[in-house]
Amino acid sequence: MGHAVGEVLGLAAGVAVSPLPIVAIILILATPRGGLNGPLFALGWVLGLAALGAIMLAVGGTGGAAGHKHPATWVGALKLALGVLLVFFGARQWRRRPKDAAQAQLPKWMAAIDRFTPAKILGLGLLLSAANVKNAPLTIAAGASISSAGLPVPQQIGTLAIFVVIASLGVLAPLAVYLVMGERAKTVLGNWRDWAALHNVAVMAVLFFVLGLKLLGDGVGILA
């Protein structure tokens with residue numbers, strides 16, 4: 001299990017560093033219903049990652065992905081494909097980055113986030129975790145790694161839980177600051193929001209490249 005946890009730690013950190021969801025939860029916490037909607041967004045985020053990871057565990061089974069203590073060919077092929085996808089998205093993000101960070105723009109839906117219903121907030125958390133072009137491939141790769149380790153089901157679930165917790169730290173940190181500091185959190189969270197909004201594209205491009213290359217290397221290593 002320790003080896004499996006080590007395999008997914010880097011992937012979990014890559015999911016945790018997600019500027020756009022961090023900006024989203026900070027904006028949600030700044031709304032009049034932030035005390036309710038903030039935890040709902042975090043719950044949706046956690047459920048999205050857990051569900052996607054669980055699907056991959058179900059696909060791989062309890063050791064069916066591993067043979068002679070070596071991941072199966074399909075695991076290597078999957079990681080290779082996901083790596084190519086992330087590198088492609090990284091190149092696209094880098095080309096589209098604004099020359100001046102101050103010109104960076106947030107999605108238009110964020111302007112209406114204070115009017116979102118609790119159900120929409122929960123759905124937004126699910127969407128930004130499980131359907132995100134960076135987070136979904138990394139979560140799928142993590143699920144494949146856990147499955148290929150040949151662990152019994154309880155240890156698979158435990159490893160996935162560790163992945164989800166670490167991958168959620170970026171979203172849970174603003175919520176924790178809000179709950180602990182109350183009104184005093186506005187300045188801290190405002191600074192985090194501004195930094196994440198300014199550097200979102202550049203950070204995402206670098207993460208796409210780095211994590212894509214890691215998955216490419218993992219995939220080539222397994223297939224070789």
State, with a plain yes or no, whether a side-chain heavy atom of [X] is found less than 4.5 Å away from one of [Y].
| X | Y | value |
| --- | --- | --- |
| Arg33 | Leu40 | no |
| Ile22 | Pro174 | yes |
| Asn191 | Thr187 | yes |
| Ser18 | Asn135 | yes |
| Leu213 | Leu216 | yes |
| Leu36 | Pro118 | yes |
| Tyr178 | Ile26 | no |
| Leu126 | Trp45 | no |

If you look at every heavy atom in [X] and [Y], which pair is closest and at what distance?
| X | Y | answer |
| --- | --- | --- |
| Ala142 | Phe163 | CB-CE1, 3.5 Å |
| Ala42 | Leu172 | CB-CD2, 3.9 Å |
| Gly48 | Ala130 | O-CB, 3.6 Å |
| Phe209 | Val87 | CE2-O, 3.9 Å |
| Pro39 | Gly34 | CD-O, 3.8 Å |
| Ala12 | Ile166 | CB-CG2, 3.7 Å |

Would [X] and [Y] show up in the same hydrophobic cluster when neighbours are defined by side-chain heavy atoms closer than 4.5 Å?
| X | Y | answer |
| --- | --- | --- |
| Val17 | Val165 | no |
| Leu20 | Leu207 | yes |
| Leu47 | Ile157 | no |
| Leu86 | Phe88 | yes |
| Leu179 | Val171 | yes |

The single option from Ile113, Leu27, Leu29, Leu124 passing side-chain contact (heavy atoms from CB on, under 4.5 Å) against Phe41: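 Considering Ile113, Leu27, Leu29, Leu124, a side-chain contact (heavy atoms from CB on, under 4.5 Å) with Phe41 is found only for Leu124.
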Interatomic distance, [X] atom [atom1] to [Y] atom [atom2] [nearest 0.5 angstrom]:
| X | Y | atom1 | atom2 | result |
| --- | --- | --- | --- | --- |
| Thr139 | Met56 | OG1 | CE | 10.5 Å |
| Ile146 | Leu160 | CD1 | CG | 5.0 Å |
| Thr159 | Leu57 | OG1 | CG | 8.5 Å |
| Leu128 | Ile25 | CG | CD1 | 10.5 Å |
| Ile140 | Lys79 | CD1 | NZ | 12.5 Å |
| Ser145 | Leu138 | OG | CG | 10.5 Å |

Backbone N/O of Gly143 and side chain of Ser147: donor-acceptor pair under 3.5 Å: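 It does not hold such a pair.
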Heavy-atom donor-acceptor pair, Lys134 side chain to Gly14 backbone, under 3.5 Å: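 Pair found, side chain donor or acceptor close to backbone of Gly14.
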Heavy atoms from other residues, nucleotides or ligands near NZ of Lys214 exceed 12 (cutoff 6.0 Å):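 Enclosed: over 12 neighbouring heavy atoms sit under 6.0 Å from NZ of Lys214.
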Residues Leu11, Leu215; criterion side-chain contact (heavy atoms from CB on, under 4.5 Å); working and verdict: CA-CA 9 Å; Leu11 300 174; Leu215 290 180; 4.0 Å; yes
